[in-house]
Structures are given as structure tokens and as C-alpha cells.
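For the numbers below, each heavy atom of this structure counts, side chains included, while hydrogens, waters and symmetry mates do not. Along the sequence shown, residues are numbered consecutively beginning with 1.
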Amino acid sequence: MKSIVAIALAMSCLATARAADDAASAPAGATPPEAAASVSANQAARLAKMKPELAGFCLYGGAPGGDAKYTALAPVKTSRETYGSVLDELPRFVETSKAAGADAVIKYNGAQHFGFWPWRLVRPLLTGVPIKWDGPAPDCVASGGQTFATVMNSNKEPPKR
């Protein structure tokens, strides 16, 4: 046990020293790229799964605000059968909704749910009601929704109304 702690301590000291060396060797006016520094490896992999044509797909936690008319389609439910993040399942949920002919999703809920078996103890489950706009689509953010790209970047679901 002591050897494992010693190895972990040595590795963290090495990483700290390397970061200090990198900062010292950088030019005086140079700043690190913020996009690379702020995106983790997991988030970068999730964003790579996001198709650009689906980035503007709108998700509503409740019903859209305003007087826009829409037709509700059959509810959509996607889940993983094992452990995972809601963000890992969200691209499939949006693709399934879009394939059903939806322009947006209302009553979106993406959360961790408990299963019976140990490998399904906590798993992501996403539900919502796809809608088709009867007229022109309202602005997503102005009507109380969030775009698929915003949800993927912020890891926060749209507010419930």
C-alpha cells in the first residue's frame, strides 16, 4: 500500500514539475489555447459524436413559451443497458426523435435511473415527446428551450416549465 501511495505522489509531483516547466518556457505574451484547456477528453469524445446538422435541434423541459402551434408525435424513450452518462445517450435520443419527423422535443427528461441487476444499477434514461411545428418554428432560446449543442456543452438540461 505504501508503494502505491509513493508512486502516486511521485507521478503527481512529476506532472506539477512538467506543467511549471511548460509555463516557464512559454513566451511572455503567449496564452494557452482556452478551447483545449477547458475541454476534457470525455467531453471532446462526446462532442465528436454530435452531428453538426443536429446542433440546432431544440429541447424543452416543459412546453414551449409563446403561441406557437405544434403537433405532438409518439413519445420517445432511449436508454443504455449499462453504466454511462446521459450525454453519451443524448445523440442517439436526438437522432431517434429527428428520424420520427420531429422539429423539437418537449417534456425532455434525461436522468440516471436505477435498474434491478447490478450492471444496470444506475443507467441513463432519456424521455420526451417529439413535436412537429404547425407553422414557423419559434426561436429556441427565446421560447424557453435549449439547443442540442448547448445541452452537450453545458451538461445541463433545459429548465422545466
Side-chain angles (χ1 to χ4, degrees), residues 4 7-8 11-12 15-16 18-19 31-161:
I4 293 173
I7 290 171
M11 290 179 73
S12 66
T16 304
R18 182 171 290 167
T31 59
E34 292 181 22
S38 65
V39 176
S40 69
N42 287 341
Q43 188 176 9
R46 289 180 187 132
L47 292 175
K49 291 180 187 177
M50 187 174 69
K51 294 181 179 175
E53 62 270 12
L54 298 177
F57 191 83
C58 195
L59 301 168
Y60 294 94
D67 57 353
K69 303 291 182 200
Y70 58 87
T71 302
L73 306 173
V76 172
K77 174 181 165 184
T78 63
S79 66
R80 288 184 56 163
E81 299 302 320
T82 58
Y83 303 113
S85 169
V86 170
L87 293 182
D88 292 334
E89 188 62 24
L90 187 57
R92 188 168 76 124
F93 176 79
V94 170
E95 287 175 3
T96 304
S97 299
K98 191 77 169 166
D103 296 325
V105 170
I106 60 171
K107 300 179 184 173
Y108 167 76
N109 183 25
Q112 298 289 337
H113 288 263
F114 289 98
F116 178 73
W117 302 107
W119 56 88
R120 292 178 67 179
L121 183 62
V122 179
R123 63 193 181 99
L125 177 71
L126 290 84
T127 59
V129 179
I131 61 170
K132 183 89 172 150
W133 297 114
D134 291 338
D139 180 54
C140 182
V141 177
S143 60
Q146 287 184 353
T147 63
F148 171 51
T150 303
V151 174
M152 287 293 284
N153 286 327
S154 68
N155 193 16
K156 294 186 191 313
E157 64 181 33
K160 307 280 187 214
R161 285 190 175 200

Chemist: Would you name the heavy atoms of I106 and P64 that are closest together and state the gap between them?
Modeler: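 Looks like CG2-CD, 3.5 Å.
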Chemist: Closest approach of F57 and A102, non-hydrogen atoms and distance?
Modeler: CE1-O, 3.7 Å
Chemist: Run the numbers on L90 and L59 for side-chain contact (heavy atoms from CB on, under 4.5 Å), then give the verdict.
Modeler: CA-CA 11 Å; L90 187 57; L59 301 168; 4.3 Å; yes
Chemist: Just by distance, no angles: are the side chains of T127 and Y108 close enough, under 3.5 Å, to form a donor-acceptor pair?
Modeler: no
Chemist: Any chance CG of D139 has more than 12 other-residue heavy atoms, nucleotides or ligands included, within less than 6.0 Å?
Modeler: yes
Chemist: On a heavy-atom basis, which atom in V151 and which in P158 lie closest, and how many Å separate them?
Modeler: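 Distance-wise, the nearest heavy atoms are CG2-CD, 4.2 Å.
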Chemist: Which atoms form the tightest heavy-atom contact between A63 and Y70, and what is the distance?
Modeler: CB-OH, 4.2 Å
Chemist: Closest heavy-atom contact between Q146 and K156?
Modeler: OE1-O, 3.1 Å
Chemist: In terms of heavy-atom contacts, does NZ of K77 have more than 12 from other residues, nucleotides or ligands at under 6.0 Å?
Modeler: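 Incorrect, the count does not exceed 12.
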Chemist: Just by distance, do the side chain of S97 and the backbone of F93 share a donor-acceptor pair under 3.5 Å?
Modeler: yes
Chemist: Going by heavy atoms in the side chains, are P91 and M152 under 4.5 Å from each other?
Modeler: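 When only atoms from C-beta onward are counted, M152 and P91 do touch, with a gap below 4.5 Å.
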Chemist: Assess whether side-chain contact (heavy atoms from CB on, under 4.5 Å) is satisfied between V105 and Y60, documenting all intermediate values.
Modeler: CA-CA 6 Å; V105 170; Y60 294 94; over 6 Å; no
Chemist: Look at the side chain of Q112 and the backbone N and O of G84, then say whether any donor-acceptor pair between them is shorter than 3.5 Å.
Modeler: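 Yes, the answer is positive, given that a donor and an acceptor are paired below the 3.5 Å cut-off.
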Chemist: Would you say that E95 contacts L54 through its side chain, given a criterion of any heavy-atom pair below 4.5 Å between the two side chains?
Modeler: yes
Chemist: Looking at NE2 of H113 and CG of L125, how far apart are the two atoms once the value is rounded to the nearest 0.5 Å?
Modeler: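 So the NE2 of H113 and the CG of L125 are separated by 4.5 Å.
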Chemist: Check P130 against P75 and note the closest heavy-atom contact, atom names and distance.
Modeler: CD-CA, 4.0 Å
Chemist: Assess whether side-chain contact (heavy atoms from CB on, under 4.5 Å) is satisfied between L126 and N109, documenting all intermediate values.
Modeler: CA-CA 6 Å; L126 290 84; N109 183 25; over 6 Å; no
Chemist: Less than 4.5 Å apart, any side-chain heavy atom of D103 and any of I131?
Modeler: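 The answer is no, as the side chains (C-beta and beyond) never meet within the 4.5 Å cut-off.
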Chemist: Please determine whether a side-chain nitrogen of the Lys or Arg among E89 and R92 lies less than 4.0 Å from a carboxylate oxygen of the Asp or Glu.
Modeler: yes
